[in-house]
Amino acid sequence: MFATGFFSIFDSVSGGRCWPGDLLEYDVVDSTNTRALGLVDSGLGDDFAVSARMQTAGRGRLGRAWFSPKDMGIYCSVALRPRAAMERWPQLTLVMAVAAVAAVKEVAAVDLEIKWPNDLYWHGRKAGGILAEIKPGAEGKGDAVVVGIGLNLGQRARDFPGELSDSACSLALADGEHAAHHELVRALLDSFHAWRREWEEKGFAGVRNNWLANDCSIGKWVTLPGSDRKRVRVEGMDEAGDLLVRAESGEATRLIADDIVLGRPAT
Ligand code: BTN
C-alpha cells in the first residue's frame with residue numbers, strides 16, 4: 001500500500017533510507033519495552049526493534065498499564081544507542097511522535113495530532129502513546145534507550161474497557177484506510193529512522209517544527225495533574241522540548257516530564 005508514495009515524504013530528512021536494524025517479531029510478550037531492554041546487550045547491534053501481536057503486561061507512562069489485546073494494535077519498541085548526549089535522549093519521545101504521525105498519515109490516511117509529551121490523538125481521543133526508557137550504563141551514563149509505541153488499530157468502541165470507552169480511539173474508529181499490521185510497523189520504523197537521523201545530525205529544530213505543526217494543545221487551556229489541578233494555557237515548546245505554559249495568574253512555567261489533561265478537570 002505504501003510502496004510507491006511512502007518514501008517520498010521522508011526523502012527530505014533521510015535520503016529515502018529505511019530502518020537499518022533487526023526487527024524481532026513475537027506473537028506474545030509481556031512488554032516489548034521490557035523485551036527490548038533485556039536484549040540490549042545480546043549482540044543484536046546498536047539499533048533493533050521488537051514488535052508483538054499482543055502484550056500481557058504492556059506499560060504506559062506514570063506506572064499505567066497499556067491495553068494490548070491480540071491483533072488490535074501495534075506494540076513496538078526500538079532500542080538505540082544514540083550518539084547524542086544523554087540529556088537529549090528524552091527528546092526521542094517527540095522524535096517517535098512526529099515519525100508516527102507521518103507514517104500513519106501515509107499508510108492509513110489518518111491525521112493524528114500530538115499531545116505533549118507522548119500521546120497521539122484523533123479528535124480529542126487517544127489513539128496511541130509512547131514510552132521511552134533509558135537503560136543505565138556505567139558512571140551514570142546511559143547504555144541505551146528504548147522507545148516503545150502503542151497504537152490502537154482495529155478497536156471499535158465496544159472493544160475498549162469501560163474506563164477507556166470515552167477517551168480512547170483507534171485508526172478504525174478514525175475511518176483509517178485498512179493497512180496490514182506489518183506495513184504499518186515497517187512504515188513506522190522507516191519514518192522513525194528518518195527522523196532520528198535528522199535529530200542526530202541536525203539537532204532538535206526540525207523535529208520541534210514538525211511537532212508544533214501537529215500539536216493539539218497550543219493555545220488551549222489544559223489541566224495539570226496533581227491535587228490542585230492547576231489550569232494553564234499552553235504557549236509553545238522551547239528549543240529543548242520542554243512545554244511552555246502560563247497560569248491564569250500570568251505566571252510562566254516550563255514543564256519537563258509532566259503530563260497535561262486537555263480541557264477542564266472533571267468536577
Ligand atoms: C502511554 O501513553 O502512557 C505510553 C504507552 C506506551 C505503550 C507502548 S506499547 C509498546 C511498548 N511496550 C510497552 O510496554 N509500552 C510501550
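Quantities reported herein were computed from a predicted structural model and do not represent experimental measurements. Counting starts at 1 for both ligands and their atoms, in listed order.
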Enumerated ligand 1 atoms positioned under 4.0 Å from heavy atoms of Asp119: 2 (O)

Nearest protein heavy atom with distance in Å, relative to atom 11 (C) of ligand 1: Thr32 OG1, 3.2 Å

Polar atom proximity, Gln55 to ligand 1 (N or O, under 3.5 Å): yes

Closest to atom 14 (O) of ligand 1 (judged by heavy-atom distance), picking from Glu133, Arg35, Arg59: Arg59

Which atom of Glu248 lies closest to which atom of Arg231, heavy atoms considered: OE2-NH1, 3.6 Å

Test of proximity, Trp66 against ligand 1: N or O pairs below 3.5 Å: no

Sub-4.0 Å atoms of ligand 1 with respect to non-hydrogen atoms of Gly58: 14 (O)

Atoms of ligand 1 close to Cys76 [distance to a heavy atom under 4.0 angstrom, numbered from 1]: 10 (C)

Distance filter under 4.0 Å to Gly60 heavy atoms, resulting ligand 1 atoms: 1 (C), 3 (O), 4 (C), 5 (C)

Over all atoms of both residues, closest heavy-atom pair of Ala187 and Val107: CB-CG2, 3.4 Å

Ligand 1 versus Asn118: contacting region, heavy-atom distance under 4.0 Å: side chain

For ligand 1, the portion of Ser68 having any non-hydrogen atom under 4.0 Å away: neither

Heavy-atom pair with the smallest gap, counting every atom of Pro117 and Leu94: O-CD2, 3.4 Å

Ligand 1 N/O within reach of Arg64 N/O, cut-off under 3.5 Å: no

Atom 2 (O) of ligand 1 - nearest protein heavy atom and its distance: Lys126 NZ, 2.6 Å

Minimum heavy-atom distance between Lys135 and Asp41, given as atom pair plus value: NZ-OD2, 2.8 Å

Considering all heavy atoms, the nearest Asp215-Ile218 contact: OD2-N, 2.6 Å

Passing candidate, side chain to side chain contact (heavy atoms under 4.5 Å, CB included) with Leu120, options Ile149, Asn152, Asn214: Ile149

Nearest-contact summary for atom 8 (C) of ligand 1 - protein heavy atom, Å: Gly150 N, 3.5 Å

Side chain, backbone, both or neither: the part of Ile149 lying under 4.0 Å from ligand 1 by heavy atom: backbone

Shortest protein heavy-atom distance from atom 3 (O) of ligand 1, along with the residue and atom involved: Arg61 N, 2.7 Å

Atom pair CE (Met86) and CG (Asp143), whose distance is rounded to the nearest 0.5 Å: 10.5 Å

Shortest non-hydrogen contact from Ala240 toward Gln91: O-NE2, 2.8 Å

